[in-house]
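Structure, as structure tokens:
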Amino acid sequence: MAFTFTIKKLSCTKSTLVVCAILLNVIHVTEQGGIFGAPQSLYEPTDHVAVLNATNIKSTIFGTKNAWIVEFYSSWCGHCIHFAPVFKQLAAEVESWSSVAKLGVIDCADEGNIPACREFEIMGYPSIVFFPPSSKEMKIGEDGKEELNRGGRFPRSDKVSQLKYDLVEMVSPYFPSVLGEISETVDSFSDLWSLVKSSATAGIPEPSLLILLYERDKSFIGKELALQLSNYPQVRVVRFQKRNALYDKLGLKNEWPAAGYVKTDMESGIISIPRNQDIVSYLQSTALKMMKIEPPKSPQPAQLEAQHLQVEEESKQENNLEEPNVKASEDVVSIEDLIHAVRNSLRNEVGVFKVISGPKLKALQDYVHVLGQLLPADRRELIVFLMKLDQWLKTQTDEIKINDYLDKLTELEAENHPWDIELNTWANCRGTIVGRRGYTCGVWRLFHTVIMLATQKSQEIFVLPVMHGYIKEFFGCTECVEHFTKMVADDGALMITTVRGQALWLWRAHNKVNLRTKGSESEDPGYPKGLYPNDKQCPTCYTGDGSFDEDKVFEYLLNIYSSPIRTMRNHQTEKSKREADTQFRSHQAPHRQSRFFSGTDYWIFCIVYLSVAALLIFGYLHFKLGSRRRIDPLAICRKFLQTSRSIV
């Protein structure tokens, strides 16, 4: 939220205006969360993508002449992190296609964007959606009723070349003239020009140069070249897949692929295609040089990687992230991280679904029930909150509309103040790079903690089926869900008959995930993945041959996860309760989540700056005008307060 104001017939000194400007700028930055570490995106506008949000996504993608390819992702999702460099490279390579297609991204891990991700029915990340040109916001659904146009699924690949191919195939039906589709039977250059002009799009200047390309059936060269040149109306690509009269007129001789050119004055000639260069880049450069246009310089993968590393380093400095290897060998479970994971799962993960019913409702009921029984919270408020939510869920036997669920969640949050944490700050799960660790670390620690505590109960509580249900039905990372559910099925984990056995299976599964993801894009360099616990954390967990002693491992896990502690500095329970109270007042607006720091900090911040501003203004007036007339401090304060209210 940014503040705006209008000054009407108000005489202000330069000092007053400077102070006001500084104050408003500070408040604006504070509201945007720029000082206190709001969630960071995997993408920046410098990555050649449109960074979308819940406010602008519809106005951006609907009603445009170009198509849109939008990636819905989650900044904590390991596969989204892995896919981000691929999507950035694609965006860089197709930036010149902007008259035909543009790329956008939206972070569904940002609480402010969850309503948009829910409305577009995004069930897993990353999801890529294609919106054709001139897409309307609303369409008629299968039931004959009007509904939101949610676009069509775009196939995902880790290869940029495959993504480009799929993109070309999807936009081709909407831009036949741009892609150079001309009758093969044309037998003269004048007829060719007539066909080109007749197929021209209204409002676009007619070309003055045609590039004729002869290529095999299913070749990708001509379409890609046409799209590379789509932002230059002076040049048009014409594709042929068979030899015709124009082939001979150009003087081509048994060359394939082959290229030539024709100008409006009927000047024509051959364009020799070198065999040791990229054909598309060479033909694009040649065509632009013929038109005396400076060819664009496309960033290379190495350049993009350098930019990516620079952005990560800047983000690290701005967000005061953990220094690498400072705590990599430590193994401490933070209560703050457990609470953070619970809140994120209940509000953000569950909150993305429009309706909760069937297996999803059962999974949510079991999940909340187990948390209420086993979560080692150090504040009664959190346990009471979970118990009341559990009781309410038990009364829901059919389905729950998401608005009803969020309303109940907000009501119980405001009543019990369960989240005494800084919403955008992780404790021991904090990463050394923006987007690393965080929620995924918190979920693993939450599950280990709950299942280890279950082993200490006199009555066995089987937690693993509950975890499996939650992951399967609600966890946002699509490939993570596939891997986890496959491990459960392959190992027959749900058939394990003891809680201790299930706890050890979860530990082994975690190690499998660590080894599979070691060295991947999602790995935090400050916390390299490997076998857990390592020999520094638990030397006695290893036998003489280097294998694990599972009895010792179980003892170690029980010791670590049965006693989580507060690890954030300056924790004060009463202060946390006051901050939580301020945070949850914001939920009185319909399902709108606070993205800012705590309410107490915010108001202290504003009061300090308002006080400083008042002192500066009073001091200036006192010394500037004191010799001329008597100053009434109370009158000045009243005037200042009136002005402040009008500004805010």
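All residue numbers refer to positions in the sequence shown, counting from 1. Given the structure is predicted, the values throughout are model-derived calculations rather than measurements. All values below were derived from every heavy atom in this structure, side-chain atoms included, with hydrogens, water molecules and symmetry-related copies excluded.
Here the closest heavy-atom approach between residue Ser99 and residue Ser230 is recorded as OG-O, 3.2 Å. What you find for Lys249 and Ser188 is that their closest heavy atoms are CE-CA, 4.2 Å. When all heavy atoms of Gln162 and Ser157 are compared, the pair lying nearest together is CB-OG, 3.6 Å. Pro257 approaches Ile273 most closely through the heavy-atom pair O-CD1, 3.8 Å. Pairing each heavy atom of Glu71 with each of Phe83, the nearest pair is OE2-CD2, 3.6 Å. When every heavy atom of Lys354 is checked against every heavy atom of Glu121, the shortest pair comes out as NZ-OE2, 3.8 Å.
Between Phe353 and Phe474, the ring-plane angle classifies as perpendicular under the 30° and 60° cut-offs.
Rounding to the nearest 0.5 Å gives a distance of 15.5 Å between OH of Tyr247 and NZ of Lys242. Once rounded to the nearest 0.5 Å, the distance linking CD of Glu206 with NZ of Lys197 reads 5.0 Å. The line from CD of Glu473 to OG1 of Thr485 is 10.5 Å long, rounded to the nearest 0.5 Å. Here CG of Asp217 is found 4.5 Å from CD of Gln241. Values are rounded to the nearest 0.5 Å. Note that the CD1 atom of Ile61 and the CZ atom of Phe131 stand 3.5 Å from one another [nearest 0.5 Å]. Atoms CZ and OG, on Phe475 and Ser74 in that order, are 8.5 Å from each other to the nearest 0.5 Å.
Within the 4.5 Å cutoff, the side chain of Phe154 has heavy atoms near those of the Leu167 side chain. With a 4.5 Å cut-off on side-chain heavy atoms, Pro207 and Val235 do not count as touching. Contact annotation: the side chain of Leu229 approaches that of Gln284 to within less than 4.5 Å [non-hydrogen atoms, C-beta and beyond]. Between Val178 and Trp97 there is no side-chain heavy-atom pair separated by less than 4.5 Å. Using a 4.5 Å cut-off on side-chain heavy atoms (C-beta onward), Tyr439 and Ser345 make contact. Asn53 is not listed as a side-chain neighbour of Val51, based on a closest heavy-atom distance of 4.5 Å or more. For the pair Glu146 and Lys139, the minimum side-chain heavy-atom distance is 4.5 Å or more. Put simply, the side chain of Lys401 reaches to within 4.5 Å of the side chain of Val355, judged on heavy atoms.
Around the OH atom of Tyr282, the shell of radius 6.0 Å holds more than 12 heavy atoms that belong to other residues, nucleotides or ligands. Enclosure of atom NZ in Lys529 by more than 12 non-hydrogen atoms of other residues, nucleotides or ligands within 6.0 angstrom is indicated.
With Asp47 contributing its side chain and Lys88 its backbone, the two residues share no donor-acceptor pair below 3.5 Å. Remark: side-chain polar atoms of Glu523 are paired, donor with acceptor, to backbone N or O of Gly519 under 3.5 angstrom. Arg430 places no side-chain N or O within 3.5 Å of a backbone atom of Arg437 that could act as its donor or acceptor partner. Listed for the Trp193 side chain is a donor-acceptor partner under 3.5 Å among the backbone atoms of Lys263. Not one N or O on the side chain of Thr517 forms a donor-acceptor pair closer than 3.5 Å with the backbone of Ser520. Judged purely by atom type and a 3.5 angstrom limit, Asp187 has no side-chain atom pairing as donor or acceptor with the backbone of Ala245. Using a distance-only test at 3.5 Å, with no hydrogens or angles considered, a donor-acceptor pair links the side chain of Ser172 to the main chain of Val168.
As summarised for Cys429 and Cys441, their two SG atoms come within a distance smaller than 2.5 angstrom, satisfying the threshold. Remark: SG of Cys108 is found under 2.5 Å from SG of Cys117.
Cation-pi check for Arg436 over Tyr527 is not met; the charged atom does not lie both under 6.0 angstrom from the ring centroid and within 45 degrees of its normal.
Between the side chains of Asp524 and Thr432, at least one donor N or O sits under 3.5 Å from an acceptor N or O. Under 3.5 Å, the side chains of Asp107 and Tyr43 contain no donor-acceptor pair of N or O atoms.
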Which is it for Arg118 and Leu406 under the side chain to side chain contact (heavy atoms under 4.5 Å, CB included) test, yes or no, and what are the steps along the way? CA-CA 13 Å; Arg118 178 169 61 243; Leu406 292 176; 3.9 Å; yes

Leu209/Tyr232 under side chain to side chain contact (heavy atoms under 4.5 Å, CB included): CA gap, chis, key distance, verdict: CA-CA 10 Å; Leu209 173 68; Tyr232 302 96; over 6 Å; no

Ring pair (Phe, Tyr, Trp, His ring centres under 6.0 Å) between Tyr125 and Tyr73, worked out: CA-CA 5 Å; Tyr125 315 113; Tyr73 73 97; 8.3 Å; no

Walk me through whether Leu246 and Tyr214 qualify under side chain to side chain contact (heavy atoms under 4.5 Å, CB included). CA-CA 10 Å; Leu246 301 185; Tyr214 289 84; 3.4 Å; yes

His82 vs Ser522, test: side chain to side chain contact (heavy atoms under 4.5 Å, CB included). Steps then yes/no. CA-CA 6 Å; His82 174 75; Ser522 61; 5.7 Å; no

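Lys223 and Glu169 are joined by a salt bridge, as a carboxylate oxygen and a charged side-chain nitrogen come within less than 4.0 angstrom of each other. Arg347 has no carboxylate O lying under 4.0 Å from a charged side-chain N of Glu111, or vice versa, which leaves the two without a salt bridge. Between Lys58 and Glu137, at least one side-chain nitrogen of the basic residue sits less than 4.0 Å from a carboxylate oxygen of the acidic one, meeting the salt-bridge criterion.
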